[in-house]
Amino acid sequence: LQGENELVERIYDALSQASDPEIRELGRIWTAYNMANTGRLDEAKKLLAEIGEVDQESNLFAVYCLANGRLALSEKNSIQALRFLSRAMVRTTIADSYKPEIYFLMIQSYMMVENIVPATRLAKEMAVFYPTNMWRESVTRRYPELEEQEIEIKAE
């Protein structure tokens, strides 16, 4: 559904109306993510403020961090984006459907401040776990220099 933001938002809105409180909050968090993704930053901020802090033990914590990381990235705040996205990264497994997107957003955050070494490491790791994923393809299209970059590890 990449690029189908209106349809995606309707799906998230439907989830936000669910009777199950966890599904309802999940729908609201993904709605905030979509708003941040489409440049509706004030709306995303407002919705995330309404949702409030999500407990680290909650099943929703990783998605909450992803939404906040996406918002920070949209605001061009790479430090804040990486803070949230790193938390989402460690709370997800390789099997989670949105894990490749976390990789992409972290790479984008590092590249925003021209920090190529961690971006290259993430791109190489992503290539191992998701060699044919659309987010992986986005990385190679957007940042071809990461494919050519050799990482030097200096012994100290």
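We use all heavy atoms of the structure for the numbers below, so side chains are in, but hydrogens, waters and symmetry mates are not. Sequential numbering from 1 along the given sequence is applied to the chain's residues.
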Do you know which two heavy atoms are closest between A81 and A72, and how far apart they sit?
N-CB, 3.4 Å
For a quick test of reading the model, state the closest non-hydrogen atom pair linking Y110 to A119 and the distance between them.
CB-CB, 3.8 Å
Counting only heavy atoms not in I79, do more than 12 fall under 6.0 Å of its CD1?
no
Under 3.5 Å, which donor-acceptor pairs do the side chains of residues 99-107 form with other protein atoms, sequence neighbours left out?
from, atom 1, to, atom 2, distance (Å)
K99, NZ, M89, O, 2.7
K99, NZ, T92, O, 3.0
K99, NZ, T92, OG1, 3.0
E101, OE2, Y33, OH, 2.0
Y103, OH, E125, OE2, 2.3

Counting heavy atoms not belonging to E114, are there more than 12 under 6.0 Å from its CD?
no
How about L41 and M35: do any of their side-chain heavy atoms sit closer than 4.5 Å?
no
For a quick test of reading the model, state the closest non-hydrogen atom pair linking P131 to R136 and the distance between them.
O-CG, 3.8 Å
Determine whether F84 and V113 fall in the same hydrophobic cluster, where Ile, Leu, Val, Met, Phe, Trp and Tyr are linked whenever their side-chain heavy atoms lie under 4.5 Å apart.
no
Identify, with sequence neighbours excluded, every residue that meets side chain to side chain contact (heavy atoms under 4.5 Å, CB included) alongside N59.
E22
What's the shortest heavy-atom distance between A62 and A88, and which atoms?
O-CB, 3.5 Å
Do I94 and Y130 come close enough that some side-chain heavy atom pair is under 4.5 Å?
yes
Can you confirm whether V63 sits close enough to W30 that some side-chain heavy atom of one is under 4.5 Å from a side-chain heavy atom of the other?
yes
Between R28 and E25, does at least one N-O distance fall below 4.0 Å, as a salt bridge requires?
yes
When rounded to the nearest 0.5 angstrom, what distance separates NZ in K124 from CZ in F129?
14.5 Å
For E137, is there any backbone N or O sitting under 3.5 Å from a side-chain donor or acceptor partner on T140?
yes
Measure the spacing between CG of N37 and OG1 of T31 and express it to the nearest 0.5 Å.
12.5 Å
Going by heavy atoms in the side chains, are R83 and R87 under 4.5 Å from each other?
yes
Pair R70-S74, side-chain donor/acceptor within less than 3.5 Å
yes
Taking D96 for the side chain and Y98 for the main chain, is one N or O donor matched with an acceptor at less than 3.5 Å?
no
Value for CD1 (I29) from CG (L66), rounded to nearest 0.5 Å, stands at 10.0 Å
Working to the nearest 0.5 angstrom, can you tell me the gap between L71 CG and Q80 CD?
9.0 Å
Of all heavy-atom pairs linking S78 and S109, the shortest is CB-O, 3.5 Å
If you define the side chain from C-beta out and look only at heavy atoms, does anything of K45 sit under 4.5 Å from E75?
yes
With a 4.5 Å cut-off on side-chain heavy atoms, are I116 and Y143 touching?
no
Take M111 and R142 through the side-chain contact (heavy atoms from CB on, under 4.5 Å) test and state the conclusion after the steps.
CA-CA 10 Å; M111 293 302 287; R142 191 168 192 171; over 6 Å; no
Can you tell if the side chain of I51 reaches within under 4.5 Å of the side chain of L47, non-hydrogen atoms only?
yes
Taking atom CZ of R40 and atom CG of N34, what is their separation to the nearest 0.5 Å?
7.0 Å
